[in-house]
Amino acid sequence: MNFIRRLRYWLHRKDEEVAMAEEMEHHRQMLAQEGAAPRSFGNSARAMEEARQVWIWRWLESVGQDIRYAVRSLRGQPGFTLAALLAITLGIGLNASLFTAFNAVALKPWPV
């Protein structure tokens, strides 16, 4: 059930955010009608974050933001991006080939 709720949030994020803001405003108006101080509702941003945790894991949203920021940064510096990708590609390829040779020579038993 939680997975379905989180998937629904991802598909309809804008609508859910609007509905949550409307509901918070409704509760704030209810408190005002009862004669409570405006501060009695508490911090709206914190309440929205806590409500959002029901729909999605906070760390997953943070990872998504980090990835989008990294892509924007790398797109702005194509020379650095090319150099970084080349270094990573060479490192992974060299590591894989050296481990393959080491595995064949040292780790597998010799047919003796």
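As a basis for the values below, the full set of heavy atoms in this structure was taken, side chains included, without hydrogen atoms, waters or symmetry mates. Index from 1, following the sequence.
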As an exercise, state the distance from [atom1] of [X] to [atom2] of [Y], rounded to the nearest 0.5 Å.
| X | Y | atom1 | atom2 | answer |
| --- | --- | --- | --- | --- |
| His26 | Leu31 | NE2 | CG | 10.0 Å |
| Lys14 | Glu17 | NZ | CD | 8.5 Å |
| Phe80 | Leu85 | CZ | CG | 9.5 Å |

Original post:
With sequence neighbours left out, what residues match Arg46 under side chain to side chain donor-acceptor pair (under 3.5 Å)?
Top reply: Glu50
Original post:
Do Arg75 and Thr81 touch side chain to side chain, with heavy atoms closer than 4.5 Å?
Top reply: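 Contact flag for Arg75/Thr81 side chains = no.
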Original post:
Got a sec, which hydrophobics cluster with Leu86, joining ILVMFWY side chains under 4.5 Å apart, including via others?
Top reply: Leu90
Original post:
By the rule that ILVMFWY residues connect when side-chain heavy atoms come within less than 4.5 angstrom, directly or transitively, which residues belong alongside Ile88?
Top reply: Ile92
Subject >> Within 6.0 Å of CD in Glu23, more than 12 heavy atoms from elsewhere >> reply: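 No, the 6.0 Å shell around CD holds no more than 12 heavy atoms from other groups.
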**OP:** Mind checking side-chain contact (heavy atoms from CB on, under 4.5 Å) for Arg72 and listing every partner two or more places apart, or none if nothing turns up?
**Re:**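 For Arg72 the side-chain contact (heavy atoms from CB on, under 4.5 Å) partners, ignoring immediate neighbours, are Arg68, Tyr69.
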Original post:
Sequence neighbours excluded, which residues qualify as side-chain contact (heavy atoms from CB on, under 4.5 Å) partners of Leu94?
Top reply: Ser97, Leu98
Original post:
By salt bridge (Lys or Arg N to Asp or Glu O under 4.0 Å), which residues pair with Glu25, not counting sequence neighbours?
Top reply: Arg28
